[in-house]
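Below you'll find the structure, written out as structure tokens, and then a few comments.
In this chain, numbering begins with 1 at the start of the sequence shown.
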Amino acid sequence: MKGADPYVPGHGDLSYDVLHHDLTLDYSVVSNRLEGEAVLRCRAVARLTELRLDLRLRADKVSVGGRPPRRFRVADGKLVITLVEPVEPGSELSVRIRYSGNPRPLAKRGLDAAGWEELEDGVIVASQPHGAPSWFPCNDRPSSRSTYRLTLTTSADYHVEFSGEPVSVRRGGATRTWSFRQDRPIAPYLATVQIGRYQVSTQKAVVPIRVVGPPGIRGNGFSASFGRQPAMMAYFVEAFGPYPFDSYTCVITADDLEIPLESAALSTFGRNFASADWDSVRLVAHEMAHQWFGNAVTVASWRDIWLHEGFACYAEWLWSEESGRRTADAWARHHHGLLAGGHHQPAPLVDPTVRHMFDDWVYKRGALTLHALRREVGDATFFTILRSWVAGHRWESVTTAQFVAHCADVAGRDLAPLLAPWLHSRDLPHLT
């Protein structure tokens with residue numbers, strides 16, 4: 001099935017953009033039953049006779065501009081709405097969708113399952129790169145950016161978090177209704193819901209930081225990892241520029257998780273990451289760095305995922321250096337040696353193929369590319385490149401070619417001869 005991005009066939013549509021999602025959800029944790037209403041404000045990019053949304057739940061009722069469409073159907077993960085009249089490019093339309101079902105992670109060939117997932121007692125949503133349609137109708141491509149309003153009602157025993165700012169909580173008998181807003185335009189995969197029996201604490205930092213987790217999560221391991229978030233935030237603001245969102249939330253689940261989960265203004269970790277081990281500390285830094293690289297500045301297509309993961313990986317090395325551990329140069333030499341000692345990489349860094357897009361070598365080689373750039377241009381120019389990259393492309397979709405051009409603009413000279421072997425060759429360049 002054709003889609004907007006060959007890495008995730010059948011997902012996304014380039015003929016329109018979604019500008020805003022207003023989601024009203026009613027969810028039962030016990031039965032994993034979700035009933036929702038989504039109001040989407042869309043803008044046509046091409047002439048539209050039908051609207052094709054990504055949705056893996058049942059659509060019960062649809063209206064466009066307050067009127068029923070000619071017809072609608074759900075097939076192969078698409079809600080296809082046939083419009084009464086064509087919509088011309090540049091015109092906007094409002095679509096209201098009532099939907100329901102039992103959300104679950106979505107499987108995709110070559111990718112791990114992603115989306116709405118039940119925990120032992122609660123819910124996590126990890127949608128990268130194809131899981132957003134598991135719980136709401138969307139145009140599921142990284143280049144589709146939308147603002148959000150979310151209202152979610154569930155049992156009063158549970159705490160709810162979303163990728164945005166809390167607005168209100170209202171008690172109604174045995175339920176609570178939680179409202180949030182996200183006024184920054186984010187990609188569908190960056191919208192998340194987290195539900196659990198959580199408590200909330202705050203950390204004093206240059207931006208508000210909330211820690212949401214089960215009782216008794218704090219301890220020595222917490223202090224060495226999550227307890228260092230205010231210092232991480234202060235350093236990353238200095239290194240990368242102003243924090244892109246209004247606040248940052250860290251959710252720690254009662255379950256252990258294999259990997260942390262990236263989303264806008266919020267990162268999710270299993271309680272096993274409340275540890276002093278470097279592998280836990282570095283991932284706390286990694287997910288925070290994604291707020292700049294991935295969430296504020298997002299790739300136009302998944303082939304350029306190194307612009308997210310390579311940058312967040314390099315942020316780990318920068319934090320190590322800043323916090324008195326190994327220098328970034330020592331980490332670069334260490335990982336260059338590991339990569340050089342292995343087999344030739346299966347694909348270039350740019351366009352690593354869907355099979356390899358989340359391989360560790362993509363993360364490490366991306367970070368090595370940035371380290372090679374830093375050694376070539378010096379610290380002053382390097383950090384100017386990072387800060388101006390975010391400032392100049394915040395809330396935009398970007399490509400590797402744009403980053404290479406940006407480096408040349410800031411440095412005042414062509415850096416393609418340096419960067420091209422790192423980006424486009426399977427062979428690993430020397431780290432001179």
Side-chain angles (χ1 to χ4, degrees), residues 5-7 142-143 239-241 289-290 292-318 327-329 331-340 342-354 356-432:
D5 192 312
Y7 278 38
S143 58
F240 307 146
H290 270 314
W292 287 264
F293 307 108
N295 302 356
V297 181
T298 309
V299 294
S301 62
W302 290 114
R303 70 189 301 273
D304 288 318
I305 192 171
W306 84 275
L307 290 171
H308 296 184
E309 302 302 348
F311 281 59
C313 182
Y314 196 62
E316 302 171 19
W317 303 354
L318 291 174
T327 65
D329 192 65
W331 280 117
R333 293 180 180 278
H334 170 73
H335 287 292
H336 188 275
L338 293 178
L339 291 180
H343 300 292
H344 285 307
Q345 288 160 13
L349 183 60
V350 175
D351 200 7
T353 73
V354 65
H356 299 291
M357 65 185 291
F358 295 116
D359 283 3
D360 189 60
W361 68 262
V362 174
Y363 293 50
K364 300 304 191 292
R365 181 155 176 166
L368 285 167
T369 302
L370 293 175
H371 191 67
L373 174 65
R374 180 184 180 188
R375 294 181 68 166
E376 174 68 22
V377 301
D379 277 13
T381 299
F382 175 74
F383 286 104
T384 299
I385 287 172
L386 296 189
R387 288 189 291 268
S388 57
W389 174 245
V390 176
H393 296 283
R394 186 174 295 185
W395 318 126
E396 294 180 1
S397 301
V398 297
T399 65
T400 295
Q402 285 178 288
F403 181 69
V404 174
H406 176 77
C407 292
D409 288 343
V410 176
R413 57 191 173 99
D414 184 12
L415 291 166
L418 168 77
L419 294 172
W422 290 98
L423 298 171
H424 301 294
S425 173
R426 296 187 185 186
D427 295 328
L428 185 69
H430 294 294
L431 190 66
T432 56

Does D351 have any side-chain hydrogen bond (donor to acceptor under 3.5 Å, both in side chains) partners at least two apart in sequence or in another chain, and if so, which? Y7

Measuring only between side-chain heavy atoms, which start at C-beta, is D304 closer than 4.5 Å to V350? yes

Does this structure show an ion pair linking E376 with R413, if we count only N-O contacts that are shorter than 4.0 Å? yes

Heavy atoms of P142 and S301 approach each other most closely as CG-CA, 4.2 Å

Can you find a pair of side-chain heavy atoms, one from L339 and one from K364, that are under 4.5 Å apart? yes

Determine, stepwise, if the pair E396 / V297 fulfils side-chain contact (heavy atoms from CB on, under 4.5 Å). CA-CA 6 Å; E396 294 180 1; V297 181; over 6 Å; no

All heavy atoms of A408 vs all of D414, minimum pair found to be CB-CA, 4.3 Å

Over 60° means perpendicular and under 30° means parallel, so classify the ring planes of W306 and F311, tilted if in between. tilted

To check you understand the geometry: which heavy-atom pair defines the closest contact between A416 and P421, and what is its length? O-CD, 4.3 Å

Under 30°, 30 to 60°, or over 60°: which ring-plane class applies to H393 and H406, parallel, tilted or perpendicular? perpendicular

With a 4.5 Å limit on heavy-atom distance, are the side chains of L419 and T400 in contact? no

Any side-chain heavy-atom pair of I305 and V299 under 4.5 Å: no

Verify side-chain contact (heavy atoms from CB on, under 4.5 Å) between W422 and L431, making sure each step is shown before the conclusion. CA-CA 10 Å; W422 290 98; L431 190 66; 4.1 Å; yes

Heavy atoms, side chains only, cut-off 4.5 Å: are V377 and F383 in contact? no

To the nearest 0.5 Å, atom NE2 of H290 lies from atom SG of C313 at 9.5 Å

Out of curiosity, L373 CG to F382 CZ, how far, rounded to the nearest 0.5 Å? 6.0 Å

Are any of the side-chain heavy atoms of V410 and S388 separated by less than 4.5 Å? yes

Over all atoms of both residues, closest heavy-atom pair of W361 and A347: CH2-O, 3.1 Å

For A315 and A289, work out which heavy atoms get closest and say how close. CB-CB, 3.4 Å

Is the closest side-chain heavy-atom distance between T327 and W317 below 4.5 Å? no

Calculate, to the nearest 0.5 Å, the distance between atoms CH2 and NE2 belonging to W292 and H308 respectively. 15.0 Å

Identify, with sequence neighbours excluded, every residue that meets side-chain hydrogen bond (donor to acceptor under 3.5 Å, both in side chains) alongside W389. none

Search all heavy atoms of N295 against all heavy atoms of W395 and return the closest pair with its distance. O-CZ3, 3.8 Å

Salt-bridged, D329 to R374, with N to O below 4.0 Å? no

Which value, rounded to the nearest 0.5 Å, describes the distance between L349 atom CG and R303 atom CZ? 10.5 Å

Under 6.0 Å between ring centres: does that hold for Y363 and F358? no

How long is the span from the CG atom in L307 to the OG1 atom in T399, to the nearest 0.5 Å? 7.5 Å

Just do the side-chain contact (heavy atoms from CB on, under 4.5 Å) check on L428 and R365 with the steps written out, would you? CA-CA 8 Å; L428 185 69; R365 181 155 176 166; 4.2 Å; yes

Would you check if there is a donor-acceptor pair between the side chains of H356 and Q345 at a distance under 3.5 Å? no

When the ring centroid of W331 is compared with that of H371, is the distance short of 6.0 Å? no

When rounded to the nearest 0.5 angstrom, what distance separates CG in D5 from OG in S143? 8.0 Å

